[in-house]
Amino acid sequence: EAGVAQSPRYKIIEKRQSVAFWCNPISGHATLYWYQQILGQGPKLLIQFQNNGVVDDSQLPKDRFSAERLKGVDSTLKIQPAKLEDSAVYLCASSLTGTGVKLAKNIQYFGAGTRLSVL
Amino acid sequence: EDQVTQSPEALRLQEGESSSLNCSYTVSGLRGLFWYRQDPGKGPEFLFTLYSAGEEKEKERLKATLTKKESFLHITAPKPEDSATYLCAVQAGSGGYQKVTFGTGTKLQVIP
């Protein structure tokens with residue numbers, strides 16, 4: 001079974017530029033998550049989709065970050081304009097379901113991430 | 001606000017030296033706790049899910065336990081390949097949406 005695919009693996013940009021990340025979740029997984037992981041910290045949830053609807057985007061800096069999940073499958077996360085503090089690894093994860101009572105279906109499977117450096 | 005604290009931040013063990021990692025949490029309506037392993041340059045990899053206090057799960061040299069306030073990840077006779085960052089995450093909340101919050105992780109180094 002194919003895992004969560006992310007691209008690119010690395011990206012270097014200058015501040016005020018824009019950047020986009022792409023994620024393809026595991027087939028059949030309804031829930032997709034985008035996390036920001038700063039060096040030495042745990043993943044911080046940016047946005048969670050259930051199919052193609054947003055469940056939680058309370059920690060997404062909406063003045064510069066945007067995300068979409070077209071047709072409930074692939075997703076893109078965009079930053080425009082980027083700031084120095086956006087330097088981090090951006091992780092995408094998917095699960096069968098994110099809101100169900102059965103936690104086994106809430107196990108998140110992660111991609112390898114995109115390492116963003118903003119200079 | 002849900003809080004998840006892991007300790008120690010870093011742990012250095014000799015091969016074969018057993019120890020425990022701690023994950024303490026303050027949440028409203030715990031539904032479950034997850035342990036993940038993260039290797040450098042990779043995304044977190046699922047290890048265990050614990051649902052209720054008193055539950056234990058084992059996998060090779062790892063054993064996870066859960067109480068009402070914390071979880072422990074016991075590592076018995078570790079090997080160098082166990083070196084990684086171990087993350088815990090809690091799922092909590094009522095109603096249709098239960099949020100998952102990650103801790104900051106414990107970086108484990110096992111020396112041959």
Side-chain angles (χ1 to χ4, degrees), chain A residues 3-7 9-10 21 23-26 29-50 53-60 88-115, chain B residues 1-10 21 23-25 27 29-52 55 57 59 64 66 71 84-108:
Chain A
V4 176
Q6 288 189 248
S7 67
R9 285 299 315 276
Y10 306 93
F21 312 125
C23 174
N24 181 241
I26 293 173
H29 280 195
T31 306
L32 186 147
Y33 314 77
W34 281 104
Y35 288 90
Q36 180 192 61
Q37 187 174 27
I38 293 173
L39 187 65
Q41 298 183 19
K44 170 189 168 184
L45 180 68
L46 293 176
I47 189 166
Q48 178 179 337
F49 292 95
Q50 180 84 6
V54 176
V55 175
D56 185 353
D57 63 357
S58 58
Q59 299 190 93
L60 186 73
V89 174
Y90 290 84
L91 294 164
C92 178
S94 69
S95 65
L96 278 171
T97 176
T99 59
V101 175
K102 296 182 180 179
L103 288 180
K105 295 186 177 181
N106 293 345
I107 295 169
Q108 296 183 32
Y109 297 88
F110 286 81
T114 297
R115 181 175 297 278
Chain B
E1 184 178 321
D2 297 344
Q3 289 193 347
V4 181
T5 303
Q6 291 189 245
S7 62
E9 290 186 6
L21 313 182
C23 171
S24 63
Y25 54 88
V27 300
L30 178 73
R31 303 307 299 271
L33 185 142
F34 302 85
W35 280 99
Y36 289 85
R37 167 188 172 133
Q38 187 172 26
D39 292 297
K42 295 186 178 181
E45 178 184 352
F46 171 74
L47 292 173
F48 303 109
T49 304
L50 300 167
Y51 298 90
S52 58
E55 188 174 4
K57 294 242 177 114
K59 180 180 179 181
L66 180 65
S71 176
T85 295
Y86 291 85
L87 296 163
C88 75
V90 298
Q91 181 159 358
S94 58
Y97 176 60
Q98 296 107 38
K99 185 174 182 178
V100 174
T101 304
F102 277 83
T104 54
T106 293
K107 186 174 183 179
L108 174 66

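Within every chain, numbering begins at 1; the chains are lettered A, B, ... in the order of the sequence lines, protein sequences first and strands thereafter.
- Shown here for Lys99(B) and Ser58(A), the closest heavy-atom pair between the two residues is NZ-OG, 4.2 Å.
- In this structure, CZ in Phe102(B) is found 14.5 Å from NZ in Lys44(A), a value given to the nearest 0.5 Å.
- Summarising the geometry of Pro43(A) relative to Pro44(B), their closest heavy-atom pair is CG-CG, 4.5 Å, with the distance given to 0.1 Å.
- Using a 4.5 Å cut-off between heavy atoms, Glu45(B) does not touch chain A at all.
- In this structure, Arg115(A) places its CZ atom where only 12 or fewer heavy-atom neighbours from other residues, nucleotides or ligands lie under 6.0 Å away.
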Side chain to side chain contact (heavy atoms under 4.5 Å, CB included) between Ile107(A) and Thr49(B): does it pass, once the steps are laid out?
CA-CA 8 Å; Ile107(A) 295 169; Thr49(B) 304; 3.9 Å; yes
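- Partners of Tyr90(A) according to the ring pair (Phe, Tyr, Trp, His ring centres under 6.0 Å) rule, which considers only residues two or more places apart in sequence or in another chain, are Phe21(A).
- Among the candidates Arg9(A), Gln37(A), Gln41(A), the residue making the largest number of heavy-atom pairs closer than 4.5 Å to chain B is Gln37(A).
- Looking at Gln6(A), there are no atoms closer than 4.5 Å to chain B (heavy atoms on both sides), in backbone or side chain.
- Heavy-atom contacts from other residues, nucleotides or ligands closer than 6.0 Å to CD of Gln59(A) number more than 12.
- Between chain A and the residues Lys107(B), Gln6(B), Lys42(B), Gln38(B), the largest count of heavy-atom pairs under 4.5 Å involves Gln38(B).
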